[in-house]
S.K.: 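Pasting a structure here, questions to come.
Note on naming: letters A, B, ... go to the chains in the order of the sequence lines (proteins, then strands), and numbering restarts at 1 for each one.
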Amino acid sequence: MNIDEKILRSFGSQTREYDAKEFIFREGDSPISYYQIVSGTVKINNYNEDGKEFIHNILSENQSFGDPMLFVQKTYPMNAIALTPCTIIRLPKSDFINMLNEYPKTSFEMNACLSHRLYYKLIMMQNMSSNNPQVRVTGLLDFFKSFHEDKSRFAFKVQLTRQQIADLIGLRVETVIRVLKRMEQNNIIKIENHKIFY
DNA sequence: ACATTAACTGTTA
DNA sequence: TAACAGTTAATGT
């Protein structure tokens, strides 16, 4: 979701800076705001019982996060953590609701955005239930490429580390490296000085 | 700090 | 039992 900053400001949004590694919200917190990234990257994650991290998503500029929680009376089931120093616009929940009421266009776009996420969540779930690691990696790359304009082959430069890819699909780095190497051999991706093109 | 390789272990198709 | 993901550890960029 990307809402015009002017509109957000006119409904009372505040801009705030976050340091790298700073929590923006934690599991169990009550949702109080709409969050939209102006600059920097944010990860949405969980830690399982033995402390292993699972990353749900990694977001960058012009993307929002946590917004589904503004429509249900629940606490966050995940954390949002700044990966890099970030500038983030925050719009309080009640003001966000006002905005949706007064600008039906933003409300409609919100629907489209949530639908896109729901669609890819489903696709990712199907891919994740595969024990074939290449299916999982490819599914993840498809998801991140879906935000990219140029759909042609090798046009998308993946901005994730091998470790982040592993944490996003529940595999080990070594496995991710092995799979990526095989995918390069099969001409599915291109690797240029460690950077992945899909 | 991130990526790669190698050698080994355990699981499973 | 051969393949292959995870583990550990060392090494490379």
S.K.: Has A/Arg16 got its NZ or CZ under 6.0 Å from the middle of the six-membered ring of A/Tyr18, at an angle within 45 degrees of the ring axis?
M.R.: yes
S.K.: Is the shortest side-chain heavy-atom distance between A/Tyr198 and A/Thr138 below 4.5 Å?
M.R.: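 Yes; the side chains approach each other to less than 4.5 Å.
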S.K.: Return the value, rounded to whole Å, for the distance between atom CD of A/Glu184 and atom C1' of B/dA3.
M.R.: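 After rounding, the reported distance stands at 14 Å.
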S.K.: Under a 3.5 Å distance rule, please check whether A/Lys151 uses its side chain to pair with a backbone N or O of A/His148 as donor and acceptor.
M.R.: yes
S.K.: Each nucleotide N or O in nucleotides 11-13 of chain B that has a protein N or O under 3.5 Å away: list the pair and distance.
M.R.:
none

S.K.: Scan residues 174-182 of chain A against DNA chain C and write down, sorted by residue number, each residue with any heavy atom closer than 4.0 Å; if none is found, say none.
M.R.: A/Glu174, A/Thr175, A/Arg178
S.K.: DNA chain C: A/His194 or A/Asn132, which has the more 5' nearest nucleotide?
M.R.: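 Between the two, 5'-proximity favours A/Asn132.
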S.K.: State, with a plain yes or no, whether a side-chain heavy atom of A/Glu27 is found less than 4.5 Å away from one of A/Tyr76.
M.R.: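 In short, these two side chains do not touch, never coming nearer than 4.5 Å.
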S.K.: Distance-only, no hydrogens or angles: does the A/Arg153 side chain make a donor-acceptor pair with backbone N or O of A/Asn187 under 3.5 Å?
M.R.: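 It does hold such a pair.
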S.K.: Would you kindly say whether A/Asn2 and A/Gln36 are connected by a side-chain donor-acceptor distance under 3.5 Å?
M.R.: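 Present: a donor and an acceptor within the cut-off.
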S.K.: When you compare the side chains of A/Asn132 and A/Ser130, does any donor N or O come within less than 3.5 Å of an acceptor on the partner?
M.R.: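 Not at all, the side chains of A/Asn132 and A/Ser130 share no donor-acceptor pair under 3.5 Å.
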S.K.: In Å and rounded to the nearest 0.5 Å, what is the OH to CZ distance from A/Tyr35 to A/Arg90?
M.R.: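 Reported to 0.5 Å precision, the distance equals 6.0 Å.
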S.K.: Which ones in residues 158-172 of chain A lie close to DNA chain B, meaning a heavy atom under 4.0 Å from one of its atoms?
M.R.: A/Thr161, A/Arg162, A/Gln163
S.K.: Check whether the side chains of A/Asn46 and A/His56 place a donor and an acceptor atom closer than 3.5 Å, and report yes or no.
M.R.: yes
S.K.: Passes salt bridge (Lys or Arg N to Asp or Glu O under 4.0 Å), A/Asp167 versus A/Arg162? Steps please.
M.R.: CA-CA 9 Å; A/Asp167 291 339; A/Arg162 308 286 195 271; over 6 Å; no
